[in-house]
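For ligands, and for the atoms within them, numbers begin at 1 and follow the listed sequence.
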Amino acid sequence: MDESSEKWIYLYIFVEFSGTIVLTLQSFSAKCHSLIKTSTQVAQAAPQLLVQTPEVSEMWHDISRINSWTIKDATEHYGIEKWGAGYFSINSTGDVVVTPSGADNGPSLSLHEVAKEIEARGLSMPVLLRIENILGSQIKLLHETFRKVILENNYRGVYKGVFPIKVNQQEQVIETISQLGKTFNHGLEAGSKSELIAAISMLQNRSACLICNGYKDEEFIDLGLYAVKMGFQVFFVVEVPGEVDLIIERSKVHNIKPAIGFRIKLSTQAEGKWNESGGDASVFGLTMSHTIDALDRLRAEGMLDCLQLLHYHIGSQIPNISDIRAGAMEACRLYEELVLEGAPMGYLDLGGGLAVDYDGSNTNSNSSRNYSMEEYCSDIVESIITVLDKNDIPHPTIITESGRAIVAYYSVLLFNILDISSFEPPPIPDKLPVVDNDLLENLMLTYNMVSTRNIQECCNDALFYRTQARQLFKHGGITLRERALAENLVQHTLMKISKISKELDHIPKDVQKINKLIYDIYYGNFSLFQSLPDVWAIDQILPVMPIHRLNEMPTRPAIISDITCDCDGKIDKFPDISQEKTSVMLHPLKDNEEYYLGVFLVGAYQETLGDLHNLFGDTNVVSIHVNDDGSYKFIRELEGDSVADVLTYVEYDIRAMKNRLKDLAEDAIDQGFISARERKSILAIFEEGLRGYTYFEKE
Ligand SMILES: *Cc1c(COP(=O)(O)O)cnc(C)c1O
């Protein structure tokens, strides 16, 4: 043992799970307190894992590789150019920079600098950072791409986009979209009464469309009809058969001719996680016979001229372009039929589905897409032309309801790392203790024997001896210290196997499994359930990486745990081009320096779907606008929930809580447990706690 490791006091905590899986946590001097806290989390996150060491071992990498690490290596390693869509890259000093105008050489900004600036203003991590200009850039990209494709194909119609409010309902998001989308007449899509009210109050542009989807009651329809009266371009999309009668009735009451759309259930079903939005399993939309009924109802009321739009939505995040094409072709046939029935039509609304390449693989995997924005637009335009030109049906105005693709890029979740629990056991002692069985000796022998030629055998042996150690311990055959040493020797052996296996062309399956278990746990100051619910709910893969120190080679394979007490609160799947990746390389922590990570592409769906698991509330939100000269403005900051806020959400009465505590403390004085002065301190800290942020705050 060298001097530095002698400094550490080793404390072993064993927790036995169902008799077989054992957690050994080894730790150290002053941090016992935080150890107790993290030990349960380690147990939940990865019960097989061992120990905690503060030192960084270099055994994983040659020093020469560490020294020759470049920014280019970092760029390739994290795939930032693949998923970053031109908005994110790494600068020469190793910071992640954002270029809000996209790939062209516009101004860029270091996210690390922004994080530090945010903290200097007194806002703690985690922070959801919104880079406003990116929203403008995405809207512009969508419109310009459609415009270009329309021109190239001599399409005789225009494109009009709407933003579906459900994808991110936050007031500042909808306001920014209305503002930045104005030049393109970008409208809004509402799927409920609340969303319609939000849309009417936000949309200032009468040339933009306002699409009313969702189940509609009388009030919903009346609201929409008033919007028509005020000059807005409102479309009432009939989602269920009964709705058409109510729309007819209310428009007669108000004496307004509404623009009506039919949402049709296509037989086309898309791949991906949301494929039940389309096809026979879809709960939304009119079937073919519903469509005919609704059409006949309108005709009978003399309102066939109101039918102007056909709508469909076959799912969000459609990874495969062929599904987009198939959906458009099928919809165009229906569109054509409605025209032939005598409806004026004029608008084809293709819904959402334009996917985001979260993992940068450019494939039809669920977290990616096998097409570009340009291919998406061309395929739609070409499909319409192909079908409608056969019978000379006039080309409709194309509407899409892209949500995800518009907002995903513009938010980044920033958080700091609070602690690490390392996979590395303490060093092997020079001399093994004398025991009356040969377990430790056998383990040592196995450790020394590992080579490329006998990897599988050593792997089997190590696991066999581990089981033996656990059995022996159970029956009183070895002590706590002996068992800890045995587990450490196993871990050393597995690590050696893992390292040596990298020289092999073919890695045996068992060894592959071991490789996946060798990682540190980095504890991040955030709640997965609040900020990244899709990672938990639907295994969404999101890019995660350090936002600084990228000029240093990251040497630690890691998974990221959040600070909820839930074993599901972790990120353990990461973008990778070729295979599933179960860890991400991170840097060892430095003394007195925060380590910041960013989770990227989180602007769509995550905010409102997030919940209060463990009562972690909304994070702080900061919006910035990057100026042409590279300077930037803090546009807005929204303070996250305080502890009192989240308690109120779950119906606690704060005043009553305080009164109860006062009584309790008074009683404690009466019983002689505390002094009057201590009562004052207790009440003060309670008060302060209620005002505080729900996440880990620095002193
Ligand atoms: C959810 C939804 C959208 C948004 O889909 P994205 O894939 O996020 O673009 C659009 N239209 C309707 C009807 C939806 O339900």
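- Where the criterion is an N or O separation shorter than 3.5 Å, residue side chain and backbone included, G353 meets it with respect to ligand 1.
- Using modelled atom types and a 3.5 Å distance limit, the side chains of T363 and N370 yield no donor-acceptor pair.
- A donor-acceptor pair shorter than 3.5 Å can be found between the side chains of R130 and Q172.
- Under the side chain to side chain donor-acceptor pair (under 3.5 Å) criterion, D539 pairs with no residue at all, not counting sequence neighbours.
- Taking any N or O of S316, backbone or side chain, at least one lies under 3.5 Å from an N or O belonging to ligand 1.
- Note on ligand 1: Y605 sits in its first shell, one or more heavy atoms being nearer than 4.0 Å.
- Taking a cut-off of under 4.0 Å to the non-hydrogen atoms of R404, the atoms of ligand 1 that pass are 6 (P), 8 (O), 9 (O).
- Those atoms of ligand 1 with a heavy atom of G403 less than 4.0 angstrom away are 6 (P), 8 (O), 9 (O).
- Taking distance alone, with nitrogen or oxygen atoms compared against 3.5 Å, E401 approaches ligand 1 more closely than that limit.
- Only the side chain of K166 comes within 4.0 Å of ligand 1, counting heavy atoms alone; its backbone N, CA, C and O stay farther away.
- Counted by atom type alone, E132 and Y632 present zero donor-acceptor pairs between their side chains at under 3.5 Å.
- Close approach of ligand 1 to Q317 (heavy-atom distance below 4.0 Å) involves ligand atoms 7 (O).
- In terms of protein heavy atoms, atom 3 (C) of ligand 1 is closest to H313 CE1, 3.5 Å.
- Side chain to side chain, Y409 and R404 fail the donor-acceptor criterion of an N or O pair below 3.5 Å.
- If you number the atoms of ligand 1 from 1 as listed, the ones under 4.0 Å from a heavy atom of S402 come out as 9 (O).
- In terms of polar-atom proximity, defined here as any N/O pair under 3.5 Å, A405 makes no such contact with ligand 1.
- Residue E189 places no N or O, backbone or side chain, under 3.5 Å from any N or O of ligand 1.
- When all heavy atoms are compared, the tightest approach of E374 to E152 is OE2-OE1, 4.5 Å.
- Using a 3.5 Å distance cut-off with no hydrogens or angles, the side chains of T268 and E330 do pair a donor with an acceptor.
- Between the side chains of N620 and E637, not a single donor N or O lies within less than 3.5 Å of an accepting N or O.
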